[in-house]
**Student:** 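Starting off with a structure, shown below.
Everything numeric in this text was worked out from a predicted model, so none of it was measured.
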2 protein chains.
Amino acid sequence: MPKDRPATRIQKKNRAAILEAALEVFSAHGFRGATVDQIASEAGLSKPNLLYYFPSKEAIFTALLSELLDTWLDPLRALDPEGDPLEEMLAYVQRKLQMSQDFPRESRLFANEIVQGAPRMLEALSTDLKDLVEEKAAVIEGWMTAGRLKPSHPKHLIFSIWSLTQHYADFDVQVRTLMGSEDPFDAAPDFLDTFYRRMLTPA
Amino acid sequence: MPKDRPATRIQKKNRAAILEAALEVFSAHGFRGATVDQIASEAGLSKPNLLYYFPSKEAIFTALLSELLDTWLDPLRALDPEGDPLEEMLAYVQRKLQMSQDFPRESRLFANEIVQGAPRMLEALSTDLKDLVEEKAAVIEGWMTAGRLKPSHPKHLIFSIWSLTQHYADFDVQVRTLMGSEDPFDAAPDFLDTFYRRMLTPA
DNA sequence: CTTGAGTTTGACCAGTTGGTCAAATCCGGT
DNA sequence: ACCGGATTTGACCAACTGGTCAAACTCAAG
(Lines give C-alpha, C1' and ligand atoms only; values in the text may rest on other atoms or scores of the structure.)
Protein backbone atom coordinates (compact mmCIF):
# COMPACT_ATOMS: atom_id res chain seq x y z
CA MET A 1 0.00 0.00 0.00
CA PRO A 2 1.42 3.39 -1.00
CA LYS A 3 2.30 5.82 1.80
CA ASP A 4 0.14 8.88 2.21
CA ARG A 5 2.42 11.01 0.07
CA PRO A 6 0.81 12.78 -2.89
CA ALA A 7 -0.52 10.13 -5.29
CA THR A 8 1.67 9.36 -8.28
CA ARG A 9 0.54 9.29 -11.89
CA ILE A 10 0.49 5.49 -11.83
CA GLN A 11 -1.51 5.40 -8.60
CA LYS A 12 -4.19 7.67 -10.03
CA LYS A 13 -4.46 5.64 -13.21
CA ASN A 14 -4.62 2.28 -11.45
CA ARG A 15 -7.02 3.33 -8.72
CA ALA A 16 -9.38 4.68 -11.36
CA ALA A 17 -9.06 1.52 -13.44
CA ILE A 18 -9.79 -0.62 -10.40
CA LEU A 19 -12.90 1.32 -9.40
CA GLU A 20 -14.21 1.23 -12.96
CA ALA A 21 -13.61 -2.52 -13.13
CA ALA A 22 -15.15 -3.00 -9.70
CA LEU A 23 -18.29 -1.14 -10.79
CA GLU A 24 -18.57 -3.39 -13.82
CA VAL A 25 -18.13 -6.62 -11.86
CA PHE A 26 -19.95 -5.78 -8.61
CA SER A 27 -22.98 -4.38 -10.43
CA ALA A 28 -23.25 -7.53 -12.51
CA HIS A 29 -22.73 -10.14 -9.79
CA GLY A 30 -23.21 -8.47 -6.41
CA PHE A 31 -20.57 -8.34 -3.68
CA ARG A 32 -20.44 -12.03 -2.93
CA GLY A 33 -20.70 -13.07 -6.56
CA ALA A 34 -17.77 -10.92 -7.65
CA THR A 35 -14.22 -12.23 -7.34
CA VAL A 36 -11.05 -10.23 -6.83
CA ASP A 37 -9.51 -12.04 -9.79
CA GLN A 38 -12.35 -10.91 -12.04
CA ILE A 39 -11.95 -7.30 -10.99
CA ALA A 40 -8.17 -7.44 -11.35
CA SER A 41 -8.28 -8.91 -14.82
CA GLU A 42 -11.01 -6.44 -15.88
CA ALA A 43 -8.70 -3.67 -14.67
CA GLY A 44 -5.71 -5.17 -16.45
CA LEU A 45 -3.81 -5.97 -13.25
CA SER A 46 -2.70 -9.07 -11.42
CA LYS A 47 -4.52 -9.92 -8.21
CA PRO A 48 -1.59 -9.12 -5.88
CA ASN A 49 -1.10 -5.88 -7.76
CA LEU A 50 -4.70 -4.91 -7.21
CA LEU A 51 -4.36 -5.73 -3.53
CA TYR A 52 -1.40 -3.37 -3.42
CA TYR A 53 -3.83 -0.51 -4.04
CA PHE A 54 -6.76 -1.67 -1.92
CA PRO A 55 -6.25 -3.80 1.16
CA SER A 56 -9.26 -6.07 0.55
CA LYS A 57 -12.28 -6.80 -1.59
CA GLU A 58 -14.44 -5.13 1.03
CA ALA A 59 -12.30 -1.98 0.85
CA ILE A 60 -12.78 -1.75 -2.91
CA PHE A 61 -16.51 -2.10 -2.48
CA THR A 62 -16.91 0.55 0.20
CA ALA A 63 -14.60 2.95 -1.64
CA LEU A 64 -16.81 2.49 -4.69
CA LEU A 65 -20.01 3.00 -2.75
CA SER A 66 -18.93 6.20 -1.06
CA GLU A 67 -17.59 7.56 -4.34
CA LEU A 68 -20.91 6.96 -6.07
CA LEU A 69 -23.48 7.72 -3.41
CA ASP A 70 -22.98 11.47 -3.61
CA THR A 71 -23.47 11.59 -7.36
CA TRP A 72 -26.43 9.32 -7.03
CA LEU A 73 -28.26 11.74 -4.75
CA ASP A 74 -27.52 14.87 -6.81
CA PRO A 75 -30.84 14.81 -8.69
CA LEU A 76 -32.76 14.98 -5.42
CA ARG A 77 -30.44 17.61 -3.95
CA ALA A 78 -31.16 19.79 -6.97
CA LEU A 79 -34.87 19.96 -6.12
CA ASP A 80 -35.31 23.71 -5.65
CA PRO A 81 -37.71 24.89 -2.91
CA GLU A 82 -37.95 28.25 -4.70
CA GLY A 83 -38.88 26.81 -8.08
CA ASP A 84 -42.31 26.05 -9.50
CA PRO A 85 -43.51 22.95 -7.63
CA LEU A 86 -44.91 20.94 -10.52
CA GLU A 87 -42.01 21.76 -12.82
CA GLU A 88 -39.51 20.95 -10.09
CA MET A 89 -41.04 17.54 -9.51
CA LEU A 90 -41.28 16.72 -13.19
CA ALA A 91 -37.69 17.84 -13.74
CA TYR A 92 -36.57 15.67 -10.85
CA VAL A 93 -38.27 12.66 -12.41
CA GLN A 94 -36.54 13.31 -15.72
CA ARG A 95 -33.12 13.76 -14.11
CA LYS A 96 -33.56 10.50 -12.26
CA LEU A 97 -34.69 8.69 -15.39
CA GLN A 98 -31.68 10.08 -17.24
CA MET A 99 -29.44 8.65 -14.52
CA SER A 100 -30.99 5.22 -15.05
CA GLN A 101 -30.26 5.48 -18.74
CA ASP A 102 -26.73 6.87 -18.41
CA PHE A 103 -25.56 4.97 -15.32
CA PRO A 104 -27.41 1.67 -15.16
CA ARG A 105 -24.47 -0.09 -13.53
CA GLU A 106 -24.50 2.31 -10.63
CA SER A 107 -28.23 1.73 -10.21
CA ARG A 108 -27.80 -2.03 -10.22
CA LEU A 109 -24.92 -1.79 -7.77
CA PHE A 110 -27.16 -0.09 -5.23
CA ALA A 111 -30.09 -2.35 -6.07
CA ASN A 112 -28.04 -5.49 -5.48
CA GLU A 113 -26.84 -4.19 -2.17
CA ILE A 114 -30.19 -3.00 -0.87
CA VAL A 115 -32.14 -6.08 -1.95
CA GLN A 116 -29.77 -8.15 0.15
CA GLY A 117 -30.34 -5.99 3.20
CA ALA A 118 -27.72 -3.30 2.56
CA PRO A 119 -25.25 -4.74 5.09
CA ARG A 120 -22.53 -2.37 3.86
CA MET A 121 -24.72 0.67 3.33
CA LEU A 122 -27.05 0.88 6.31
CA GLU A 123 -25.08 3.65 7.94
CA ALA A 124 -25.09 5.86 4.86
CA LEU A 125 -28.80 5.18 4.40
CA SER A 126 -29.73 6.16 7.91
CA THR A 127 -27.64 9.35 7.98
CA ASP A 128 -26.91 11.12 4.68
CA LEU A 129 -29.85 9.75 2.75
CA LYS A 130 -32.30 10.01 5.62
CA ASP A 131 -31.44 13.67 6.24
CA LEU A 132 -31.79 14.53 2.59
CA VAL A 133 -35.13 12.77 2.30
CA GLU A 134 -36.51 14.43 5.42
CA GLU A 135 -35.52 17.83 4.06
CA LYS A 136 -37.01 17.36 0.61
CA ALA A 137 -40.12 15.60 1.90
CA ALA A 138 -40.76 18.70 4.03
CA VAL A 139 -40.42 20.91 0.97
CA ILE A 140 -42.90 18.78 -0.96
CA GLU A 141 -45.29 18.71 2.00
CA GLY A 142 -45.09 22.51 2.08
CA TRP A 143 -46.00 22.73 -1.58
CA MET A 144 -48.96 20.44 -1.03
CA THR A 145 -50.43 22.28 1.96
CA ALA A 146 -50.00 25.51 -0.01
CA GLY A 147 -52.22 23.97 -2.69
CA ARG A 148 -49.49 24.10 -5.30
CA LEU A 149 -49.38 20.31 -5.71
CA LYS A 150 -52.23 17.84 -5.39
CA PRO A 151 -51.93 16.39 -1.86
CA SER A 152 -50.31 13.00 -1.37
CA HIS A 153 -47.84 11.25 0.92
CA PRO A 154 -44.47 13.01 0.30
CA LYS A 155 -42.17 10.14 1.25
CA HIS A 156 -44.14 7.56 -0.67
CA LEU A 157 -44.09 9.99 -3.55
CA ILE A 158 -40.29 10.12 -3.46
CA PHE A 159 -40.11 6.33 -3.22
CA SER A 160 -42.39 6.09 -6.23
CA ILE A 161 -40.02 8.23 -8.28
CA TRP A 162 -37.02 6.12 -7.32
CA SER A 163 -38.93 2.97 -8.00
CA LEU A 164 -40.31 3.92 -11.39
CA THR A 165 -37.09 5.38 -12.75
CA GLN A 166 -34.62 2.84 -11.38
CA HIS A 167 -36.82 0.02 -12.59
CA TYR A 168 -35.68 0.74 -16.14
CA ALA A 169 -32.05 0.21 -15.11
CA ASP A 170 -32.37 -2.53 -12.50
CA PHE A 171 -34.84 -4.69 -14.42
CA ASP A 172 -33.42 -3.79 -17.80
CA VAL A 173 -33.30 -7.41 -19.01
CA GLN A 174 -36.92 -8.01 -18.15
CA VAL A 175 -38.16 -4.74 -19.58
CA ARG A 176 -36.27 -5.22 -22.84
CA THR A 177 -37.38 -8.83 -23.15
CA LEU A 178 -41.01 -7.80 -22.85
CA MET A 179 -40.78 -4.76 -25.10
CA GLY A 180 -39.18 -6.63 -27.99
CA SER A 181 -37.28 -4.37 -30.36
CA GLU A 182 -38.67 -1.12 -28.98
CA ASP A 183 -36.26 0.78 -26.72
CA PRO A 184 -37.90 1.31 -23.31
CA PHE A 185 -36.17 4.67 -22.98
CA ASP A 186 -37.98 6.00 -26.04
CA ALA A 187 -41.38 6.07 -24.38
CA ALA A 188 -40.39 6.27 -20.73
CA PRO A 189 -39.83 10.04 -20.47
CA ASP A 190 -43.28 10.83 -21.87
CA PHE A 191 -44.90 8.10 -19.86
CA LEU A 192 -43.47 9.34 -16.58
CA ASP A 193 -44.12 12.98 -17.41
CA THR A 194 -47.77 12.18 -18.06
CA PHE A 195 -47.94 9.96 -14.97
CA TYR A 196 -46.72 12.63 -12.57
CA ARG A 197 -48.62 15.44 -14.24
CA ARG A 198 -51.87 13.57 -13.63
CA MET A 199 -50.70 12.73 -10.12
CA LEU A 200 -49.56 16.17 -9.05
CA THR A 201 -51.19 18.96 -11.09
CA PRO A 202 -53.33 20.91 -8.59
CA ALA A 203 -57.04 21.19 -9.34
CA MET B 1 -31.75 -39.69 -5.95
CA PRO B 2 -35.06 -41.49 -5.44
CA LYS B 3 -36.42 -43.48 -8.40
CA ASP B 4 -39.51 -42.21 -10.14
CA ARG B 5 -41.81 -44.28 -8.00
CA PRO B 6 -44.58 -42.42 -6.19
CA ALA B 7 -42.99 -40.02 -3.68
CA THR B 8 -42.84 -41.28 -0.12
CA ARG B 9 -43.99 -39.36 2.95
CA ILE B 10 -40.37 -38.55 3.82
CA GLN B 11 -39.61 -37.38 0.29
CA LYS B 12 -42.51 -34.96 0.33
CA LYS B 13 -41.57 -33.56 3.72
CA ASN B 14 -37.89 -33.12 2.87
CA ARG B 15 -38.40 -31.68 -0.58
CA ALA B 16 -40.75 -29.11 0.89
CA ALA B 17 -38.33 -28.27 3.71
CA ILE B 18 -35.50 -27.86 1.21
CA LEU B 19 -37.47 -25.53 -1.05
CA GLU B 20 -38.59 -23.45 1.92
CA ALA B 21 -35.00 -23.21 3.18
CA ALA B 22 -33.75 -22.43 -0.32
CA LEU B 23 -36.24 -19.58 -0.62
CA GLU B 24 -35.02 -18.15 2.66
CA VAL B 25 -31.35 -18.35 1.75
CA PHE B 26 -31.44 -17.55 -1.98
CA SER B 27 -33.68 -14.53 -1.47
CA ALA B 28 -31.35 -13.13 1.18
CA HIS B 29 -28.01 -13.74 -0.56
CA GLY B 30 -28.67 -14.39 -4.25
CA PHE B 31 -27.68 -17.55 -6.09
CA ARG B 32 -23.93 -17.13 -5.84
CA GLY B 33 -24.04 -15.82 -2.29
CA ALA B 34 -26.01 -18.79 -1.01
CA THR B 35 -24.23 -21.98 0.01
CA VAL B 36 -25.55 -25.51 -0.08
CA ASP B 37 -24.48 -25.94 3.54
CA GLN B 38 -26.60 -22.93 4.57
CA ILE B 39 -29.65 -24.31 2.81
CA ALA B 40 -29.11 -27.79 4.21
CA SER B 41 -28.75 -26.59 7.79
CA GLU B 42 -31.76 -24.26 7.40
CA ALA B 43 -33.71 -27.28 6.22
CA GLY B 44 -32.43 -29.43 9.08
CA LEU B 45 -30.50 -31.81 6.83
CA SER B 46 -26.87 -32.64 6.22
CA LYS B 47 -25.38 -31.49 2.93
CA PRO B 48 -25.07 -34.95 1.38
CA ASN B 49 -28.61 -35.67 2.46
CA LEU B 50 -29.86 -32.56 0.71
CA LEU B 51 -27.95 -33.56 -2.41
CA TYR B 52 -29.76 -36.87 -2.29
CA TYR B 53 -32.97 -35.02 -3.09
CA PHE B 54 -31.65 -32.47 -5.58
CA PRO B 55 -28.67 -33.23 -7.79
CA SER B 56 -27.10 -29.76 -7.48
CA LYS B 57 -27.43 -26.24 -6.15
CA GLU B 58 -28.53 -25.12 -9.59
CA ALA B 59 -31.28 -27.75 -9.60
CA ILE B 60 -32.66 -26.49 -6.29
CA PHE B 61 -32.70 -22.97 -7.63
CA THR B 62 -34.48 -23.73 -10.87
CA ALA B 63 -36.98 -25.98 -9.11
CA LEU B 64 -37.73 -23.12 -6.77
CA LEU B 65 -38.09 -20.59 -9.57
CA SER B 66 -40.48 -22.67 -11.62
CA GLU B 67 -42.54 -23.50 -8.53
CA LEU B 68 -42.92 -19.82 -7.67
CA LEU B 69 -43.24 -18.14 -11.04
CA ASP B 70 -46.77 -19.36 -11.59
CA THR B 71 -48.04 -18.04 -8.27
CA TRP B 72 -46.17 -14.82 -8.87
CA LEU B 73 -48.09 -14.13 -12.04
CA ASP B 74 -51.52 -14.99 -10.65
CA PRO B 75 -52.48 -11.39 -9.82
CA LEU B 76 -51.99 -10.34 -13.43
CA ARG B 77 -53.74 -13.45 -14.77
CA ALA B 78 -56.76 -12.51 -12.67
CA LEU B 79 -57.19 -9.21 -14.54
CA ASP B 80 -60.66 -9.69 -15.98
CA PRO B 81 -61.35 -8.27 -19.46
CA GLU B 82 -65.07 -8.34 -18.65
CA GLY B 83 -64.80 -6.35 -15.43
CA ASP B 84 -64.93 -2.61 -14.90
CA PRO B 85 -61.62 -1.27 -16.26
CA LEU B 86 -60.71 1.17 -13.49
CA GLU B 87 -61.74 -1.23 -10.73
CA GLU B 88 -59.88 -4.09 -12.38
CA MET B 89 -56.67 -2.06 -12.55
CA LEU B 90 -56.97 -0.81 -8.99
CA ALA B 91 -57.70 -4.31 -7.74
CA TYR B 92 -54.66 -5.63 -9.60
CA VAL B 93 -52.48 -3.01 -7.92
CA GLN B 94 -53.80 -4.02 -4.51
CA ARG B 95 -53.31 -7.72 -5.16
CA LYS B 96 -49.74 -7.07 -6.25
CA LEU B 97 -49.06 -4.91 -3.22
CA GLN B 98 -50.48 -7.61 -0.99
CA MET B 99 -48.07 -10.09 -2.55
CA SER B 100 -45.17 -7.79 -1.68
CA GLN B 101 -46.35 -7.67 1.90
CA ASP B 102 -47.09 -11.38 2.26
CA PHE B 103 -44.29 -12.82 0.13
CA PRO B 104 -41.34 -10.43 0.25
CA ARG B 105 -38.82 -13.27 -0.02
CA GLU B 106 -40.29 -14.40 -3.31
CA SER B 107 -40.13 -10.83 -4.58
CA ARG B 108 -36.50 -10.47 -3.59
CA LEU B 109 -35.65 -13.84 -5.11
CA PHE B 110 -36.84 -12.64 -8.51
CA ALA B 111 -35.33 -9.19 -8.01
CA ASN B 112 -31.92 -10.64 -7.24
CA GLU B 113 -32.04 -12.83 -10.29
CA ILE B 114 -33.27 -10.18 -12.72
CA VAL B 115 -30.92 -7.44 -11.53
CA GLN B 116 -28.04 -9.76 -12.31
CA GLY B 117 -29.28 -10.37 -15.82
CA ALA B 118 -31.68 -13.25 -15.14
CA PRO B 119 -29.24 -15.89 -16.44
CA ARG B 120 -31.45 -18.67 -15.10
CA MET B 121 -34.81 -17.12 -15.97
CA LEU B 122 -34.50 -15.63 -19.42
CA GLU B 123 -36.40 -18.45 -21.05
CA ALA B 124 -39.37 -18.17 -18.71
CA LEU B 125 -39.36 -14.41 -19.15
CA SER B 126 -39.44 -14.55 -22.92
CA THR B 127 -42.14 -17.21 -23.13
CA ASP B 128 -44.66 -17.50 -20.29
CA LEU B 129 -44.32 -13.96 -18.98
CA LYS B 130 -44.09 -12.38 -22.40
CA ASP B 131 -47.27 -14.09 -23.61
CA LEU B 132 -49.17 -13.07 -20.51
CA VAL B 133 -48.03 -9.47 -20.77
CA GLU B 134 -48.91 -9.23 -24.45
CA GLU B 135 -52.38 -10.57 -23.70
CA LYS B 136 -53.12 -8.23 -20.81
CA ALA B 137 -51.51 -5.20 -22.46
CA ALA B 138 -53.92 -5.74 -25.33
CA VAL B 139 -56.85 -5.82 -22.91
CA ILE B 140 -55.71 -2.56 -21.33
CA GLU B 141 -55.12 -0.97 -24.71
CA GLY B 142 -58.68 -1.94 -25.64
CA TRP B 143 -60.06 -0.27 -22.52
CA MET B 144 -58.11 2.88 -23.34
CA THR B 145 -59.22 3.19 -26.95
CA ALA B 146 -62.79 2.60 -25.77
CA GLY B 147 -62.39 5.64 -23.54
CA ARG B 148 -62.87 3.63 -20.37
CA LEU B 149 -59.38 4.41 -19.08
CA LYS B 150 -57.33 7.53 -19.59
CA PRO B 151 -54.91 6.73 -22.45
CA SER B 152 -51.35 5.76 -21.65
CA HIS B 153 -48.71 3.23 -22.68
CA PRO B 154 -50.09 -0.18 -21.55
CA LYS B 155 -46.78 -2.00 -21.13
CA HIS B 156 -45.14 0.86 -19.29
CA LEU B 157 -48.26 0.98 -17.15
CA ILE B 158 -47.83 -2.68 -16.22
CA PHE B 159 -44.14 -2.13 -15.49
CA SER B 160 -45.07 0.79 -13.27
CA ILE B 161 -47.35 -1.41 -11.20
CA TRP B 162 -44.67 -4.06 -10.77
CA SER B 163 -42.13 -1.44 -9.93
CA LEU B 164 -44.19 0.47 -7.38
CA THR B 165 -45.51 -2.56 -5.55
CA GLN B 166 -42.37 -4.70 -5.54
CA HIS B 167 -40.33 -1.74 -4.38
CA TYR B 168 -41.86 -2.16 -0.93
CA ALA B 169 -40.57 -5.74 -0.74
CA ASP B 170 -37.29 -5.49 -2.62
CA PHE B 171 -36.10 -2.26 -1.02
CA ASP B 172 -37.70 -2.97 2.32
CA VAL B 173 -34.60 -2.07 4.34
CA GLN B 174 -34.28 1.30 2.65
CA VAL B 175 -37.95 2.15 2.87
CA ARG B 176 -38.15 1.22 6.53
CA THR B 177 -34.97 3.08 7.36
CA LEU B 178 -36.35 6.24 5.83
CA MET B 179 -39.84 5.93 7.29
CA GLY B 180 -38.66 5.47 10.86
CA SER B 181 -41.20 3.75 13.04
CA GLU B 182 -44.10 4.09 10.62
CA ASP B 183 -44.95 0.88 8.76
CA PRO B 184 -44.72 1.52 5.01
CA PHE B 185 -47.57 -0.88 4.39
CA ASP B 186 -49.94 1.27 6.42
CA ALA B 187 -50.01 4.11 3.92
CA ALA B 188 -49.02 2.26 0.75
CA PRO B 189 -52.48 0.91 -0.21
CA ASP B 190 -54.08 4.34 -0.08
CA PHE B 191 -51.14 5.98 -1.76
CA LEU B 192 -51.20 3.59 -4.71
CA ASP B 193 -54.97 3.67 -4.98
CA THR B 194 -54.89 7.44 -5.22
CA PHE B 195 -51.95 7.32 -7.60
CA TYR B 196 -53.65 5.05 -10.13
CA ARG B 197 -57.06 6.70 -9.77
CA ARG B 198 -55.52 9.99 -10.83
CA MET B 199 -53.60 8.24 -13.57
CA LEU B 200 -56.41 6.19 -15.05
CA THR B 201 -59.85 7.66 -14.26
CA PRO B 202 -61.29 8.70 -17.64
CA ALA B 203 -62.24 12.37 -18.05
C1' DC C 1 23.96 6.11 -13.97
C1' DT C 2 22.73 5.42 -9.30
C1' DT C 3 19.67 5.17 -5.82
C1' DG C 4 15.70 4.39 -3.28
C1' DA C 5 10.98 4.51 -3.27
C1' DG C 6 7.17 2.93 -6.00
C1' DT C 7 5.30 -1.00 -8.48
C1' DT C 8 4.63 -5.74 -10.08
C1' DT C 9 4.75 -10.63 -9.86
C1' DG C 10 4.95 -15.89 -9.05
C1' DA C 11 4.53 -18.94 -5.57
C1' DC C 12 2.08 -19.96 -1.90
C1' DC C 13 -1.52 -20.66 1.98
C1' DA C 14 -5.66 -21.59 4.60
C1' DG C 15 -10.51 -21.59 4.44
C1' DT C 16 -14.62 -22.39 1.81
C1' DT C 17 -17.48 -24.53 -1.57
C1' DG C 18 -20.02 -27.81 -4.58
C1' DG C 19 -20.17 -32.36 -5.04
C1' DT C 20 -19.00 -37.74 -4.48
C1' DC C 21 -19.03 -42.27 -2.36
C1' DA C 22 -19.27 -46.37 0.24
C1' DA C 23 -20.92 -47.71 4.34
C1' DA C 24 -24.36 -47.47 7.79
C1' DT C 25 -29.06 -46.90 9.27
C1' DC C 26 -34.03 -46.63 8.85
C1' DC C 27 -38.60 -48.07 7.43
C1' DG C 28 -42.70 -50.38 5.54
C1' DG C 29 -44.56 -54.48 3.85
C1' DT C 30 -44.50 -59.51 4.25
C1' DA D 1 -38.47 -61.04 12.65
C1' DC D 2 -36.80 -60.12 8.07
C1' DC D 3 -35.88 -58.14 3.67
C1' DG D 4 -34.91 -54.80 0.10
C1' DG D 5 -35.34 -50.32 -1.05
C1' DA D 6 -35.22 -45.60 0.95
C1' DT D 7 -32.61 -42.54 3.66
C1' DT D 8 -28.69 -40.63 6.13
C1' DT D 9 -23.99 -39.84 7.20
C1' DG D 10 -18.78 -39.15 7.79
C1' DA D 11 -14.90 -38.92 5.20
C1' DC D 12 -13.18 -37.17 1.38
C1' DC D 13 -11.85 -34.39 -2.98
C1' DA D 14 -10.78 -30.90 -6.46
C1' DA D 15 -11.61 -26.27 -7.57
C1' DC D 16 -11.91 -21.76 -6.14
C1' DT D 17 -11.34 -17.75 -3.16
C1' DG D 18 -9.35 -13.92 -0.50
C1' DG D 19 -5.18 -12.73 0.96
C1' DT D 20 0.23 -12.84 1.97
C1' DC D 21 5.10 -12.40 1.01
C1' DA D 22 9.66 -11.97 -0.53
C1' DA D 23 11.88 -11.17 -4.56
C1' DA D 24 12.18 -8.74 -8.78
C1' DC D 25 11.47 -4.93 -11.67
C1' DT D 26 10.52 0.14 -12.99
C1' DC D 27 11.00 4.82 -12.78
C1' DA D 28 11.94 9.58 -11.62
C1' DA D 29 15.02 12.68 -9.25
C1' DG D 30 19.76 13.94 -8.19
Side-chain angles (χ1 to χ4, degrees), chain A residues 1-65 112-113 116 119-120, chain B residues 1-65 112-113 116 119-120:
Chain A
M1 331 121 197
K3 314 292 168 120
D4 51 16
R5 318 251 173 98
T8 70
R9 173 182 56 90
I10 295 179
Q11 276 171 37
K12 274 181 201 154
K13 194 192 59 160
N14 281 346
R15 276 177 189 277
I18 291 169
L19 289 176
E20 159 65 25
L23 173 58
E24 184 71 22
V25 176
F26 280 134
S27 68
H29 306 289
F31 179 79
R32 190 90 197 293
T35 77
V36 178
D37 268 315
Q38 254 178 318
I39 299 172
S41 110
E42 180 87 21
L45 301 175
S46 66
K47 181 169 60 165
N49 198 6
L50 181 151
L51 290 168
Y52 168 73
Y53 291 99
F54 290 89
S56 70
K57 182 183 174 181
E58 183 106 19
I60 306 172
F61 192 76
T62 56
L64 187 59
L65 278 187
N112 255 311
E113 182 66 6
Q116 301 190 8
R120 289 161 263 268
Chain B
M1 332 119 196
K3 312 294 168 121
D4 51 16
R5 318 251 173 95
T8 70
R9 171 182 58 87
I10 296 180
Q11 276 170 37
K12 273 182 201 152
K13 194 192 59 158
N14 282 345
R15 277 176 188 277
I18 291 169
L19 289 177
E20 159 63 27
L23 173 58
E24 184 71 23
V25 176
F26 280 134
S27 69
H29 306 289
F31 179 80
R32 189 95 195 299
T35 76
V36 177
D37 267 314
Q38 254 178 318
I39 299 172
S41 112
E42 180 88 20
L45 300 175
S46 66
K47 181 168 61 163
N49 198 6
L50 181 150
L51 289 168
Y52 168 73
Y53 290 99
F54 290 88
S56 70
K57 182 182 175 184
E58 183 105 19
I60 306 173
F61 192 76
T62 55
L64 187 59
L65 278 188
N112 254 312
E113 181 66 5
Q116 299 189 8
R120 289 161 262 269

**Student:** For a quick check, with a 4.0 angstrom heavy-atom cut-off, what is the B/S/- contact string for nucleotides 9-16 of chain C, read 5' to 3'?
**Tutor:** BBB-----
**Student:** Looking at DNA chain D, which of residues 23-31 of chain A put a heavy atom within less than 4.0 Å of it?
**Tutor:**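 None, since no heavy atom is under 4.0 Å.
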**Student:** NA contact type, B:Ala40, heavy-atom cut-off 4.0 Å: base, sugar-phosphate, or nothing?
**Tutor:**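 If one applies the 4.0 Å heavy-atom cut-off, B:Ala40 turns out to touch nothing in the nucleic acid.
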**Student:** How close do B:Gln38 and B:Gly33 get, counting heavy atoms only, and between which atoms?
**Tutor:** OE1-O, 3.9 Å
**Student:** Sequence neighbours excluded, which residues qualify as salt bridge (Lys or Arg N to Asp or Glu O under 4.0 Å) partners of A:Lys47?
**Tutor:**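 Only A:Asp37 meet the salt bridge (Lys or Arg N to Asp or Glu O under 4.0 Å) criterion with A:Lys47.
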**Student:** Write down the protein N/O and nucleotide N/O pairs, taken from nucleotides 24-30 of chain D, whose separation is under 3.5 Å; answer none if there are no such pairs.
**Tutor:**
residue: D:dA28; atom: OP1; partner: A:Arg9; partner atom: NH2; Å: 2.8

**Student:** Within this structure, what is the NZ-CD1 distance for the pair B:Lys13 and B:Ile18, rounded to the nearest 0.5 Å?
**Tutor:** 10.5 Å
**Student:** Pairs of donor and acceptor atoms involving the side chains of residues 20-31 of chain A, under 3.5 Å and at least two apart or interchain, shall be tabulated with distances.
**Tutor:**
residue: A:Glu20; atom: OE1; partner: A:Arg105; partner atom: NH2; Å: 3.4
residue: A:Glu20; atom: OE2; partner: A:Arg105; partner atom: NH1; Å: 2.9
residue: A:Glu24; atom: OE1; partner: A:Arg105; partner atom: NH1; Å: 2.6
residue: A:Ser27; atom: OG; partner: A:Leu23; partner atom: O; Å: 2.7
residue: A:Ser27; atom: OG; partner: A:Glu24; partner atom: O; Å: 3.2

**Student:** Is A:Ala59 touching bases, backbone alone, or none of the nucleic acid, heavy atoms closer than 4.0 Å?
**Tutor:** nothing
**Student:** Answer yes or no: does a side-chain N or O of B:Thr8 lie under 4.0 Å from OP1 or OP2 of C:dG28?
**Tutor:**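 No, outside the criterion.
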**Student:** For the pair made of CD in B:Gln38 and P in C:dT17, what is the distance, rounded to whole Å?
**Tutor:** 8 Å
**Student:** What's the shortest heavy-atom distance between B:Ala17 and B:Ala43, and which atoms?
**Tutor:** O-CB, 3.7 Å
**Student:** Given D:dT7, D:dG19, C:dT20, which nucleotide is nearest the side-chain atoms of B:Leu51?
**Tutor:**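 From the listed options, C:dT20 comes nearest.
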**Student:** For the helix from C:dC1-D:dG30 to C:dT30-D:dA1, what angle lies between the axis at the first five pairs and the axis at the last five pairs, to 10 degrees?
**Tutor:**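 Terminal axis comparison yields 10°.
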